[in-house]
Trainee: 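First the structure, which I've put down as structure tokens, then a few questions once you've had a look.
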There are 2 protein chains.
Amino acid sequence: MTALSDHRTAIRPTMADVAAEAHVSVKTVSRVVNHEPGVRPDTAERVRAVIERLGFRRHDGARMMRQGRTFTIALVVEDLANPFYSQIGAAVEREARIRQHQLITASAEGSPTRERAVIEALINRRVDGIVVVPADESASSDAAVEASQTPIVYMDRPVRGTPRDTVLSDNHGGIRSAVEHLVAHGHRSIALFGDDPAFWTARQRREAFVATQQSLGLPGPPRVSMGPHSPASVRETLTLWTETSDPTTAVITGNNRITIALLLALRDLRRPLSLVGYDDFELADLVDPPVTVVHQDPAAMGQKAAQQLFARLLGDESPAQTVVMPTRLVVRGSGLRRSTTTR
Amino acid sequence: MTALSDHRTAIRPTMADVAAEAHVSVKTVSRVVNHEPGVRPDTAERVRAVIERLGFRRHDGARMMRQGRTFTIALVVEDLANPFYSQIGAAVEREARIRQHQLITASAEGSPTRERAVIEALINRRVDGIVVVPADESASSDAAVEASQTPIVYMDRPVRGTPRDTVLSDNHGGIRSAVEHLVAHGHRSIALFGDDPAFWTARQRREAFVATQQSLGLPGPPRVSMGPHSPASVRETLTLWTETSDPTTAVITGNNRITIALLLALRDLRRPLSLVGYDDFELADLVDPPVTVVHQDPAAMGQKAAQQLFARLLGDESPAQTVVMPTRLVVRGSGLRRSTTTR
DNA sequence: TTGAAAGCGGTACCAC
DNA sequence: GTGGTACCGCTTTCAA
């Protein structure tokens, strides 16, 4: 053991240190560490003993660099604290872990600029692939992604430009199931409180609502109010629509947040309105009456996206594909026809 | 441009490629890329032009290796989809991003074995530091952490062995505030539905409950039921405790999940019990009556842990410190004294 | 079965 | 100002 190796060992032993101690070459240490065949058992044993004694741990950074792969994928979303995204994150991480990969998660906070910066940083780190819930449809980082050849999968919303693998939710089907459910329970005058039309998903759901309403032959022009909403604005609009000769008897919301705003508004109004919310939420069962919802499955979407990404990493060269994940109507009661006396 | 560089450029240009094209040394390219001073403006401009033309992007893996730092920290929790952890995750990621670091998140799924494997993999990757919500108190990966010298911060629960930086929540204060609130509203017979005593936090809260009950001079032996719970088991216990000569009039829960089980049980029982839940939840406002809770601030805890970690990365060598984060009682109404006629 | 040497793509150090 | 070169710690290649 030289003075040098002695010193280095104290900090972080390398394969060279192990090799010196075990009187073998670095290559042999490498073989042992990576369980490569072709090492005599006793040699391997000796090397393993030294590894153990010195507390050697392979420096994966060096390995990645030489191999040109990082065994890392990344997930870029708007806000990791949002349940929709955190469920996606958990699913993607799981798929990564199963395949011995690690996951870098990053928030873009809804800003295309930040999203681009984040994605470029990830490319510089040579992550093997990226899953992105894009901030908008502009594909802000398209050029960088293109040049880097880094496989990317988009989720929840499509982006313009070069077609890429994309996992969407069936917004049309989700809204249709909501409308049909309400109609089946006798509703004819249904309103939609959608999200800000700046969001692609919000526009999709609005279109689906209008189309379904027409295809079912419901009377009158569709009543649609797009966000952003507050409980107050919702209350106002609701009052308007329920005090006509053709009062709205049921409401569909465009997402989670709006469902909550609506529940608050309904509580104040004390009006017997039926409701189907978009997005499931934890306490839907505990509200009175329990809230019927269109359930998107973020975990399934995340899993699907990760699987698509790993297929690319394994060499799948087929054309970019878009997958639309089904939604599920969870009936809990709030969609039933309700009389004033119910409350 | 040689044939070699021609080929390489098509894949991924390196500093050597840029240097050759710009007729400067690699070192000069490095200087330009890193905005180091001491490069003539026109040289820098020429280099930048080539960088642009070739689409060069620095390989951060190589840089990290040379510098011995990865500009990466990691977060290990039980389940990324759990709101408590995902809020921590969002906060930690934010602190990392502000400091130009990236965050690797990993789930240990509550298994100490998996946790150890995950942490060792992170150490092998030479992450600069790790934040861990440990699966148990065993500090399963302590030896590896010790040897690797990787800074680590524990959250929510302490671990045995070598003292390390730890961020805890004030379980005692949280429970005390809940009990005091109920007592202030006239309750004298209060019960606790705690979580599985296998969890350190659950035991802490139980102890706090018993201690507070005694210090306030409440009558009788403390009524405590530790988990795991189901709505059915909760209902059974509640029935027992409310049908004595000294009926329980208020309940404190040990966490989020139990609060929900309790709400379901209460709905079935239709008994006028007051309630203070541990952990805030999104729709606490919408339940009838709105649920008063002890709010832990996972975002603040995550932020604090990340800040402590970065202090270490910046060279803070002071002794390991434990920080206890305060909780906040969010009064919403369910803690008030309720008569049978209220429902 | 084993090892020597050349890289992977940058940065650090020191000449010029 | 600029460049040469060793080197981070491992894998790859090829020879012995």
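Remember, predicted model here, so these are calculated numbers, not experimental data. Chain letters run A, B, ... following the sequence lines, proteins first and then strands; every chain starts at 1.
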Trainee: Which residues in residues 40-48 of chain B have a heavy atom closer than 4.0 Å to any atom of DNA chain C?
Mentor: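 Within this stretch, nothing sits under 4.0 Å of the strand.
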Trainee: Once side chain to side chain donor-acceptor pair (under 3.5 Å) is applied, do any residues pair with B:R40, and if so which ones, sequence neighbours excluded?
Mentor: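 Partners of B:R40 by the side chain to side chain donor-acceptor pair (under 3.5 Å) criterion, ordered by chain and then number, come out as B:D42.
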Trainee: Do any pairs count as a salt bridge (Lys or Arg N to Asp or Glu O under 4.0 Å) and have a residue in residues 61-75 of chain B, sequence neighbours left out, and if so which ones?
Mentor: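 Of all non-adjacent pairs touching residues 61-75 of chain B, none passes salt bridge (Lys or Arg N to Asp or Glu O under 4.0 Å).
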Trainee: List for me each residue that meets side chain to side chain contact (heavy atoms under 4.5 Å, CB included) alongside A:A16, sequence neighbours excluded, and say none if there are none.
Mentor: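 Checked A:A16 against side chain to side chain contact (heavy atoms under 4.5 Å, CB included); matches are A:T14.
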Trainee: Taking salt bridge (Lys or Arg N to Asp or Glu O under 4.0 Å) as the test, write out the residues that go with B:R58, two or more places apart.
Mentor: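 Testing B:R58 for salt bridge (Lys or Arg N to Asp or Glu O under 4.0 Å), a comparison that skips the adjacent residues, returns B:D60.
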Trainee: Please report how far the helix from C:dT1-D:dA16 to C:dC16-D:dG1 bends, comparing the axis fitted to its first five pairs with the axis fitted to its last five, to the nearest 10 degrees.
Mentor: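 Answer for the end axes of this duplex: 40°.
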Trainee: Answer with base, sugar-phosphate or nothing: what part of the nucleic acid does A:N34 contact at a heavy-atom distance below 4.0 Å?
Mentor: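 It contacts sugar-phosphate atoms only.
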Trainee: With a non-hydrogen cut-off below 4.0 angstrom, is B:R57 in contact with a base, only sugar-phosphate, or nothing?
Mentor: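 It contacts sugar-phosphate atoms only.
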Trainee: Identify all pairs in which a protein N or O lies below 3.5 Å from an N or O of nucleotides 12-14 of chain C, and state each distance.
Mentor:
residue : atom : partner : partner atom : Å
C:dA12  : N7   : B:K27   : NZ           : 3.4

Trainee: Using the test salt bridge (Lys or Arg N to Asp or Glu O under 4.0 Å), find all partners of B:R114 that sit at least two apart in sequence or belong to another chain.
Mentor: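 Expected list: B:E109.
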Trainee: Under the rule for salt bridge (Lys or Arg N to Asp or Glu O under 4.0 Å), what residues qualify as partners of B:D136, not counting sequence neighbours?
Mentor: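 Scan of B:D136 (salt bridge (Lys or Arg N to Asp or Glu O under 4.0 Å), adjacent residues dropped) gives none.
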Trainee: Tell me, which pairs form a ring-ring contact (aromatic ring centres under 6.0 Å, His included) where one or both residues lie in residues 89-109 of chain B, sequence neighbours left out?
Mentor: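 The answer is B:F71-B:H101, B:H101-B:F310.
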Trainee: Just checking A:V24: base, sugar-phosphate only, or nothing, at a heavy-atom cut-off of under 4.0 Å?
Mentor: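 Touches sugar-phosphate only.
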Trainee: Return the set of residues passing salt bridge (Lys or Arg N to Asp or Glu O under 4.0 Å) with A:D156 (not counting sequence neighbours), or none when no residue passes.
Mentor: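 Expected list: none.
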Trainee: May I have all residue pairs that pass ring-ring contact (aromatic ring centres under 6.0 Å, His included) and include part of residues 20-42 of chain B, sequence neighbours excluded?
Mentor: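 The answer is none; no pair qualifies.
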